Every structure is written in structure tokens, then in C-alpha cells.
There are 2 protein chains.
Amino acid sequence: MTDTETKITQAQSAALELANISAEARTDALHAIADAIEARREEILDANETDVAEAEELLAAGEYTQAFVDRLKLSESKLESIVEMVRSVAGQEDPLGKTLEARRLDDDLELYKLSVPIGVLGTVFESRPDALVQIAALSLKSGNAVILKGGSEAAESNRILYEIICEAAAEVPDGWAQLIEAREDVETLLERDDAVDLLMPRGSSAFVEYVQDNTSIPVLGHTEGVCHIFVDEDADLSMAEDVAFDAKVQYPAVCNAVETLLVHESVADAFLPEMVARYRDAGVELRGDARAREIAEMNAAADEDWTTEYGDLILAIKIVDSLDEAITHVNANGSKHTESIITETADRAERFMRAIDAASVFHNASTRFADGYRFGLGAEVGISTGKTHARGPVGLEGLTTYKYHLEGDGQLVATYAGEDPRPFRHEDFTGEWSPGRLSEE
Amino acid sequence: MTDTETKITQAQSAALELANISAEARTDALHAIADAIEARREEILDANETDVAEAEELLAAGEYTQAFVDRLKLSESKLESIVEMVRSVAGQEDPLGKTLEARRLDDDLELYKLSVPIGVLGTVFESRPDALVQIAALSLKSGNAVILKGGSEAAESNRILYEIICEAAAEVPDGWAQLIEAREDVETLLERDDAVDLLMPRGSSAFVEYVQDNTSIPVLGHTEGVCHIFVDEDADLSMAEDVAFDAKVQYPAVCNAVETLLVHESVADAFLPEMVARYRDAGVELRGDARAREIAEMNAAADEDWTTEYGDLILAIKIVDSLDEAITHVNANGSKHTESIITETADRAERFMRAIDAASVFHNASTRFADGYRFGLGAEVGISTGKTHARGPVGLEGLTTYKYHLEGDGQLVATYAGEDPRPFRHEDFTGEWSPGRLSEE
């Protein structure tokens, strides 16, 4: 076994123990981690300086961008917000041990569906060292062991943060968090479907796609967000203008920003000139289809513009003849992330929202609301454009699964089968699992 | 595009429409399918005779087993139970359009989490022609399009059943069910992660494993069921004997039958002789470890016996020193399917049930209860030993996902961000999504 294989196997054993420590022990460990990061911030900043110095050399050599180096760099205030984030995860409601269903199958035969951790999470994340802390905190809160693979450019920062986390969480079963560092380690991770239960890759679309294509482990995440806003024939045009502006300009780098604006042809003349002027004032580059360009001056959109996530102050604009054309365009070109219709007519909103296949469909609201915090999910684990397990913004619940507990007093299946079988009762009830329950009655 | 690629793409378009037809239309179509199968049973039996005749030639040539040919063969009474099954699926509660959560993010900003179909299901199933009808019925009930790939030995039976289903469900969007037939078509199916949302393979462990290893589409299913019963030190030994007998003998061919019996050393002398005699009378071959063989006569178990799903009247027996040894053995050798402890002590049951990582953990009950019907899930879609999306016996709910609907009146994220952000309310409430709701208030 290589080192990495051993680490993954250790995480697998730790996961079995971690699943059964109390909510209090997990919360206490998270507070201890927050305190330790606070206490040892000098060490962290020193390690980070080493990473940043190396990155700056590569920046000078033209290999890194300034934005990349900025993301890597920690500061007192960044560390403070990391500490706050860990305390906020600690304060979340416990996602484990919830009774999701309780059903009496027969007299003294009770079935309970309980929330439990998934097991071992595999994560590969971008250069920000805060990602390591966030992922470790979410894993611990949800009782999951975790394999952490950060970028090599953050190696020193990740090592010290990992060390601090493991030391502070000394009461948690040893081995629950594992740091892997080499690029080849990712290959090993993707192959271990015997030990890793869920992968959470973060990074470029190309990287997430690479992970999806090269593993049989379930993947939670999204490759891209090509989100649309459709301004319908009877939209409140002033509302449409504000929403479309917010969805592009408020924070263009994120996956829930709008990338294509669809405008119903009957309002295009009234809507576009003012909208275009406002975008232009904010420095947004516009790329329109032929009809949009007849109404306002903008660049010409090419075919690939309809499926591009710009992540920048660029927006594609298309005029459509009908609600149906808008729906067809979105289903063909969207990424099943977040789609919004601006309309005053309820049944047109309903048609759009039902017909669009996306994790989030909005009526008269900015696509930027698609976010775990804004949705009220507490801590956000990520946004998923997959359609199984968890979809859209994912909270801690997405890091749990369930287990069936059946309490009996010696029941046999033979009793319920064959000639004259005993019928089941199958009555849902409200109650908590306790293995002593039946004998106490 | 090959024929198969075209079929998969057609299913993808049909899925978008099928997601939005009413519950009544889906139920009506299921009743029409049941009626049509009833009305056209002569045609079905004729087609099936052709398949059976060919299979019997291969049986004579030694290529097929009698059990294989028996599974392939339809009869009037088998057809009757197929018709009943379709009507029972039609009668299930509708799994779609349920409001799973409703949350007021702010005044006039309401979030709804609604159950929706997954999209396109890909299924590959064994020789029984009833599997085609069952899978098509479950897919239609849950609003999913489906790709059906049956065995070539059932080609004629599958073709006529498929034709009858499509004709009877004429009101359902065309293309929702697609039949593919060639072995190469399976490769095509596994590659279409752009169009297929969930795979449900049925068949041998080796086949399910092959599917899991050769696709990036999520897979719902199980490779094997290596289930255990642990007879603890203070078990009611008469209960233990009945349960262990039921779990092996009542139906040994199924995945929830027990394969290894673990016995606490302190009760082994009292328990084993009678248990062994009873198994022997029922024709069960026993394979024990050295200590079990000292107490009762049986064959010797080899290492591979501890991880083998016999699916037959064979059982491995091992004596363990403690509850912890039982837990360690099960977690190391089990298949995360169903595990049962027989004990009179509540806290020992609790330790076992919490520490074992399996979809179903039982206290004083036969492992054979792990089944969608017995659990009261209504129609059973399958049993999953995966840990994400759906686990254990899976009902129609396992064929659904969810979608977030957000109703606003023009809210912008900018309002809730930056200096002096407006706070969210995040209050859960009880209500149904309706896009006209806000303007009516």
C-alpha cells in the first residue's frame, strides 16, 4: 500500500467510530479548532507567507495571475472570518440521529429511518487555504471522515492548518481527517470506490468534469452555471431591469450570476435600450443576436455564447418570439442550475417553472438568490447540478444518508408469507428509536 | 447517431414533457396498460413460446439451466400477477409535486422544495419478461422516461410487451419508453451521462459491478447481500433458532437471506447442536470455523466463505468472543445490506446497531424483513447498498428528486448584501406553491 492508500484506509476505519460520537463531542471539537486557529494565527500567517512568496515568483514569471495570488493570501481579517465560520458550523443544528420516519410494521415490530453520516468524503479544492478549514468543519459536524487534497501552491498553509485541526480535535477518533498532497494522489483517491463514499471536487469546470468522468464514486458538485433570465411579454419592465442588473453586476464571478438574458419580442423595443445603457455604464460587455442588435448597439453573439459561463462582466442577449421558445432555449443551453422568469402573469410563470429542468426556478427574483445561506440551509456544502442525492444549494443534510433500524421480538418472515399470511399493519407513528422500547411496554 | 443514441435522445426530450403531465394521466395510462396486457395475453404467450422454445434448445445443449428457462417462461397465472402488479403501482400515492419544504426567506419571497421526477432512467435487467413491465410501470408512475434493455433470450416476449405498453399509454408523451436490444447498446447507454440520470441494473453481482465500474452515471442497486445474524450472549436461544432458521431457509435465493451466523462463545454450546440439527433436516450445508466444528459436525469454512453470498442452502458459522468481535467481523466482511442481532439486552443491541455500517440493522428480527413491501414503502424499486441518494429497500420516492421554486416580487441580492444588508427572515411555513399567490395577497 502506498502512503495515500493507507491514509484512505485509515479514514475508512475512523469513519465507523466518528459516526457514533455524540453531537456534543463534535461541536466541542469544532470550538476547539476555532480557538486553536485563533491562538496560532502567527504560525499560520508565517506558513502562508512562504506559499505567497513562491507564488509571487511565479506571478512575476507570468505563470500565475494576481487574482490567484490574492486568493492564496491569508490576513488577520481573513483568519478571523475563518474562525467565525467554524463557530457558525459548530452552532448549526445537528444533522445526525434524526428520526426521518417511524412505522409500525406489526405489533412489536417497529421500523425507524435515522439520519447518519455518509462515511468518507473525498475533497479536492482550489488554492484558498480557507477551503481546507471549511470542508474539515462541515465534515466533522456531519460525522464524516474526510480526505483533503489542496493545491500544491497552498502546501505550507494547508499543512499548518491541518496540523492545528488534528491537534485541536484530539478527542475525535484519530485519522478522521487526512491530508494528501501530490497530484498523483488524486488518481488514487478516484479509484478507491471501496472506501470513499462521496467526492466533492471544487475548482474549474474542466476539473470537476475530469473527476466526474474518471471515477465511479458519486460526485457532488457542479461544472458550470449558465443561468438565464427571461423577460416575458407582460413583465414589469422596471422590475426586470433591476433584477437583470443585479443578477449580472452584483457579483459576476459566481455560478448563480446570469449569463444569457432572453427578452420577449413584444417588449424588446421598450425594454432593451434603457437596460443596455445601464449595463454599459457598469462596464458590461453585451453580445446580442441579430434582432437584439437592431434595437441597441452591441457585439454579435456567436453560437458558443449561448452555452458559455462567462463568470465576468459579459452577457449574451437573445430575443425570443414566445414563452415556449424561451423554455426550449433554456432546456437546450442551460446547465440545470438556476433560471428565472420575470412576468406578471401567474400561469406563464407556472408554465416556465414546471417546464424548465433546473435545480432552481425563480419567478420575479434574481438568480443570485440560489445559495445555501440565502435559502436558509445554514452552512452551504456546495451547489449541485446533478439530479440524484442532493440538488441545488446543498446544506449539511447533503452530507448525511439514512439507515433503517428495525426493532422486533423474534418475528419471522415465514409468518407473513405463504398460505394464510399474517397481514402487516404499516402504520406511521411519532416516536424515537430506543432498543429497550419493546421490552419496557 | 446510431439508432440507440437516437432512442436515448428521444427519451431525454420525452422526459421533459412527461414530468408535467398530471397524476391522473399517469395513473390512467397504467390502468390502460394493465387492461391491454389482460386483453392481449394470447399474443404475449405466443411470443413467449418462441423465446422458450429457443431457450429449451440451449438447455438441451447444456448452455442454460432449467431455472433460467423457468424464469423466462410466462403463463396465464404469471400474466395475471403482472397485471395485478401494474394496477397496484397505479394505486400507489403519487410521488410527484409534494411540497417537501416551504420557507419564507423574506416578505413576499417564498421558497418551495417540490418533488419532481429524476428524468431518464436506464435499466438493464435479467431474463424475466415481467421485469420489463414492472420497470416501465414504476418509471411511468414516477414521471420518468426509461430506457429498457432486456436479455436477448426474452427478445420476442419483451418486444410484444413493449409494443402493448406503448400503444396502451398513447396519451403519454411519445418516446417516454425505449427498448434497446443488442449487447453493444449497453455500452452506448453507459456512456450517455449527458442524457441518462440514473442507472438501475439488475442481474448478477458481476454484472452490477461491471456497470458501476464503467459509467459516470449514478447507479441504484446492489451487487450482493452478505447478511449476518449475531446470536449474543444473552439471546433468547429459542428466538435465535427460529430467526436464524427463517433467515436462511424461508427463501435462500434472495439478497436478504442470512449467509453467516455469528455465535457468542458463551452460548455456543447451548445453542449450536440443536440449531445445526434443524438446519441439517432442512438440507442446509454448514461451513464452520474450528471452534464451531468442535461443538457440532460440519464442513470447514475457508476464508472466502466469510464474504460469499451463497444464495442457496449453505451457511457459514463462526464463534466470536465478544460483541466487539462480531461488529468488527460484520463491518469487515458484510456488504452493508442487512445485519441482525439477537439479544435481550437493550444497550448491546444499541451498540451493535449504531456501530454496524449497513442500510438495515435489526434487533430480534429476521434479515428477510429488509424489503420494500415489508417495510411499507409500497412498490419496491430495488435494494441499494450505495450510501447516497437512496439506501436499503427503495420505494417510488427513490425515483424522484426535487426542485426549488422561488416566488418573489422583484427582490435583488444587492439589498441583502454590502453595508447595512437587509436580514432574511428564514421562517418555515406550511403552504403549497402557486405562482399567483403573492399578487393575490
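What's counted below: heavy atoms across the whole structure, side chains too, no hydrogens, waters or symmetry copies. A note on names: the letters A, B, ... follow the listed sequences, proteins ahead of strands, and every chain is numbered from 1. Because the structure is a prediction, the values reported are computed rather than measured.
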Using heavy-atom distances under 4.5 Å, tell me whether [X] contacts chain A through its side chain, its backbone, both, or neither.
| X | result |
| --- | --- |
| B:His426 | side chain |
| B:Asp428 | neither |
| B:Val116 | side chain |
| B:Thr215 | backbone |
| B:Arg374 | both |
| B:Glu101 | side chain |

Between [X] and chain B, which part of the residue has a heavy atom less than 4.5 Å away: side chain, backbone, both or neither?
| X | value |
| --- | --- |
| A:Ala414 | both |
| A:Leu198 | side chain |
| A:Asp106 | neither |
| A:Gln212 | backbone |
| A:Asp242 | both |
| A:Leu111 | side chain |
| A:Leu109 | side chain |
| A:Phe424 | side chain |
| A:Asn331 | side chain |
| A:Val249 | neither |
| A:Ala240 | neither |
| A:Tyr373 | both |
| A:Tyr416 | side chain |
| A:Asn364 | both |

Taking every non-hydrogen pair under 4.5 Å, which of [options] racks up the most with chain B?
| options | answer |
| --- | --- |
| A:Asp236, A:Asp197, A:Leu114, A:Thr388 | A:Thr388 |
| A:Phe362, A:Phe375, A:Trp433, A:Tyr251 | A:Phe375 |
| A:Arg425, A:Arg348, A:Gln250, A:Met353 | A:Met353 |
| A:Thr415, A:Val361, A:Asp193 | A:Val361 |
| A:Ala19, A:Ala365, A:Ala355, A:Ala359 | A:Ala359 |
| A:Ala370, A:Gly386, A:Gly410 | A:Gly410 |

Quiz item: Would the number of heavy atoms belonging to other residues, nucleotides or ligands and lying under 6.0 Å from CD of A:Glu397 be above 12?
Solution: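 No - once you tally the heavy atoms of other residues, nucleotides and ligands closer than 6.0 Å, there are 12 at most.
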
Quiz item: Just wondering, more than 12 heavy atoms not from A:Glu427 lying within 6.0 Å of its CD?
Solution: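 Enclosed: over 12 neighbouring heavy atoms sit under 6.0 Å from CD of A:Glu427.
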
Quiz item: Among pairs that include at least one residue of residues 355-370 of chain A, which meet salt bridge (charged side-chain N to carboxylate O under 4.0 Å, His left out), considering only residues two or more places apart or in two chains?
Solution: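 Those involving residues 355-370 of chain A are A:Lys336-A:Asp357, A:Asp357-A:Lys387, A:Asp357-A:Arg391.
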
Quiz prompt | Option from A:Asn256, A:Asp371, A:Val243, A:Asp246 for which side-chain contact (heavy atoms from CB on, under 4.5 Å) with B:Val413 holds | solution =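 Answer after filtering A:Asn256, A:Asp371, A:Val243, A:Asp246: A:Asp246.
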
Exercise. Could you check B:Arg103 against A:Leu377 for side chain to side chain contact (heavy atoms under 4.5 Å, CB included), going step by step and ending with a plain yes or no?
Key: CA-CA 10 Å; B:Arg103 185 172 302 126; A:Leu377 304 181; 3.7 Å; yes

